[in-house]
Structure formats: structure tokens, C-alpha cells
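Just so you know, these numbers use all the heavy atoms, side chains as well, and skip hydrogens, waters and symmetry mates. Note that the structure is a prediction, hence the values are computed from the model and not measured.
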Amino acid sequence: MQAGFPRHGGLCGGDCMDDERLYTLAEAHGEFASQLNGEVWELLDTTDRSSADDERMLYAAWASAYHWLRAGTAVHHQRAEWMLSRVYTVLGDAPAAIAHARRCLELTETSPGEMAPFDLAYACEAIARASALAGDEPEATRYLDLAREAGTRITNTEDRQIFEGDLNSGNWYGIS
């Protein structure tokens, strides 16, 4: 079934006009999820975000999660929950950040065959960072140690370097 979403225009920002095609509904959900995820990363990497940017970042994270639920796998859902936790952490909303971090870990634990050490490491990092934001030093330290341990089991060098870079950057709210 064709959804009728052309590949040019909004999805590609007008940069791929020569690559026009129709998507199935599932493909369109996947494309939207991926594009929105990229927008969230761009906003997370922006140091001088406005309140409007923060709002856009939050809505983009939620929209990406929705589209991954429609077209993705358990891994996509888990990573969408991680992204929501990160966005809420950056925005200073500890209860929401913790809730999404815990859901991320729950999905990691309930679909172990689909997850990689990379996913477990990030799930633990999310709980650690959100707990640090909440001022729960024992929980933050516990999960930070678990994240570091899980990170050592990432066998792909590039993935491990990405994880370690993310783990060693950003605000840890006084936890080291």
C-alpha cells in the first residue's frame, strides 16, 4: 500500500528532488522517525537554544518516538525512550527523565536478543544522568558504574568510542 509521501520537499528539505518516489506507510513512518531523530540531535548539540528550540526539540523527540513505534523494532523503541530521557534531562525535568530512562532499561531487559551491549550501556547512562539531575547520588553512581561496565563490552570500536564520548560529555550535575 502506497502512502503517497513523496521523497522530496519536507522530508529532504528540497535537497533530493531528483530522488522522488512513493513510500509505503511503514517506510514513511521510518523516514519521519529518522529525520526527527536527526533534528533532536542537532538541537541537543546547539549550545544557545532558545525556549522555542527547546520546545521543538521535545516535540521532535516525541514525534520520532511515535513514528518508531509505528515502523521500528524493539531497538528503535528502546533508543527512542533513551532520547526522550536525554531531552528531559537537558531540559531539567528529572521525573520525566527518570521515567523514560527506566522505560529504556525495561525495554533493554525484556528484549535481550535484539539489544547489543551498546544499548545496555546507554540505558544505564540514561538512568545515571537522570538520577544525577534529580540529586540521587547513590543511584547515579550505581548506574554510572554499570554504564561504564557495559561500555567495556561494546566490541565495535567505533560504537565504543561514540558511547565513551557521550558518557564523558554533557552535564553530570556534580556526579563523576
Side-chain angles (χ1 to χ4, degrees), residues 2-93 96-97 99-101 103-105 107-108 111 114-130 133 147 151 154 156-171:
Q2 294 293 323
F5 297 103
R7 187 170 162 88
H8 71 282
L11 290 178
C12 294
D15 295 333
C16 55
M17 294 292 278
D18 58 343
D19 191 20
E20 185 175 322
R21 74 175 188 89
L22 295 180
Y23 282 97
T24 65
L25 183 57
E27 289 170 336
H29 279 297
E31 184 68 21
F32 285 129
S34 180
Q35 293 291 327
L36 288 159
N37 187 72
E39 184 174 342
V40 173
W41 274 112
E42 286 177 24
L43 289 163
L44 282 170
D45 290 339
T46 301
T47 56
D48 59 343
R49 283 187 320 274
S50 66
S51 60
D53 291 335
D54 286 346
E55 184 176 39
R56 195 171 98 231
M57 180 175 63
L58 181 60
Y59 289 152
W62 272 106
S64 179
Y66 169 79
H67 288 293
W68 281 131
L69 284 174
R70 297 298 308 262
T73 65
V75 171
H76 293 106
H77 186 184
Q78 185 263 12
R79 292 178 183 178
E81 290 291 343
W82 177 88
M83 180 66 79
L84 284 163
S85 177
R86 174 56 66 95
V87 167
Y88 278 116
T89 299
V90 167
L91 296 177
D93 186 339
H100 289 287
R103 180 68 175 133
C104 177
L105 182 60
L107 291 166
T108 305
S111 299
E114 297 181 49
M115 303 293 163
F118 179 88
D119 299 301
L120 177 59
Y122 271 101
C124 292
E125 176 272 339
I127 292 177
R129 201 176 297 264
L133 170 65
I154 300 172
N156 179 285
T157 303
E158 183 179 351
D159 286 348
R160 188 174 55 255
Q161 289 172 344
I162 290 168
F163 171 72
E164 289 171 352
D166 286 343
L167 188 68
N168 295 318
S169 65
N171 193 342

Visitor: State whether the side chain of H100 and the backbone N or O of A97 hold a donor-acceptor pair below 3.5 Å, judged by distance alone.
Guide: no
Visitor: Look only at the side chain of E31 and the backbone of A28, and say whether a donor-acceptor pair between them is shorter than 3.5 Å.
Guide: no
Visitor: Do you know the tightest heavy-atom contact between E81 and L107?
Guide: CG-CD1, 3.8 Å
Visitor: How close do A147 and A121 get, heavy atom to heavy atom, and via which atoms?
Guide: CB-O, 3.7 Å
Visitor: Please examine the side chains of D53 and M57, heavy atoms only from C-beta on, and report whether any two atoms are closer than 4.5 Å.
Guide: no
Visitor: Restricting to non-hydrogen atoms, name the atom on L22 and the atom on E27 that form the minimum distance, rounded to 0.1 Å.
Guide: O-OE1, 4.3 Å
Visitor: Distance-only, no hydrogens or angles: does the S169 side chain make a donor-acceptor pair with backbone N or O of D166 under 3.5 Å?
Guide: yes
Visitor: Below 4.0 angstrom, N of the basic side chain to O of the carboxylate: do E125 and R86 qualify?
Guide: yes
Visitor: For the backbone of T46 and the side chain of R49, can you confirm whether one donor and one acceptor N or O come within less than 3.5 Å of each other?
Guide: yes
Visitor: Indicate whether the side chain of S64 and that of H67 have a donor and an acceptor atom separated by less than 3.5 Å.
Guide: no
Visitor: Using the rule given for side chain to side chain contact (heavy atoms under 4.5 Å, CB included), can you reason through T157 versus R160, listing the C-alpha separation, both sets of side-chain angles and the distance that settles it, and then say yes or no?
Guide: CA-CA 5 Å; T157 303; R160 188 174 55 255; 3.8 Å; yes
Visitor: Would you check if the side chain of D54 reaches a backbone N or O of S51 as a donor-acceptor pair within less than 3.5 Å?
Guide: no
Visitor: Please tell me whether F163 and Y122 form a close aromatic pair, meaning their ring centres lie under 6.0 Å apart.
Guide: yes
Visitor: Measure the spacing between CG of D119 and CD1 of I154 and express it to the nearest 0.5 Å.
Guide: 8.5 Å
Visitor: To the closest 0.5 Å, what do you measure between CG (L167) and CD1 (I162)?
Guide: 13.5 Å
Visitor: Atom OG in S85, atom CD1 in I127: separation rounded to 0.5 Å?
Guide: 8.0 Å
Visitor: Evaluate the criterion side-chain hydrogen bond (donor to acceptor under 3.5 Å, both in side chains) for residue pair Q35 and E39; output intermediate values, then yes/no.
Guide: CA-CA 6 Å; Q35 293 291 327; E39 184 174 342; over 6 Å; no
Visitor: Going by the side chain to side chain contact (heavy atoms under 4.5 Å, CB included) test, name the single residue among E114, R79, Q78 that passes it with T108.
Guide: Q78
Visitor: Roughly how far, to the nearest 0.5 Å, is the CG atom of L105 from the CG atom of L120?
Guide: 7.0 Å
Visitor: Would a distance-only check, ignoring hydrogens and angles, find a side-chain to backbone donor-acceptor pair under 3.5 Å from S34 to G30?
Guide: no
Visitor: Minimum heavy-atom separation for A61 and M83, please, with both atom names.
Guide: CB-CG, 4.3 Å
Visitor: How many angstroms lie between CH2 in W62 and CG in L58, if you round to the nearest 0.5 Å?
Guide: 8.0 Å
Visitor: CH2 of W68 to CZ of F32: how many Å apart, nearest 0.5 Å?
Guide: 12.5 Å
Visitor: Relative to the ring of H29, is the ring of Y66 parallel (under 30°), tilted (30 to 60°) or perpendicular (over 60°)?
Guide: perpendicular
Visitor: Can you check whether D93 reaches V87 side chain to side chain, under 4.5 Å on heavy atoms?
Guide: no
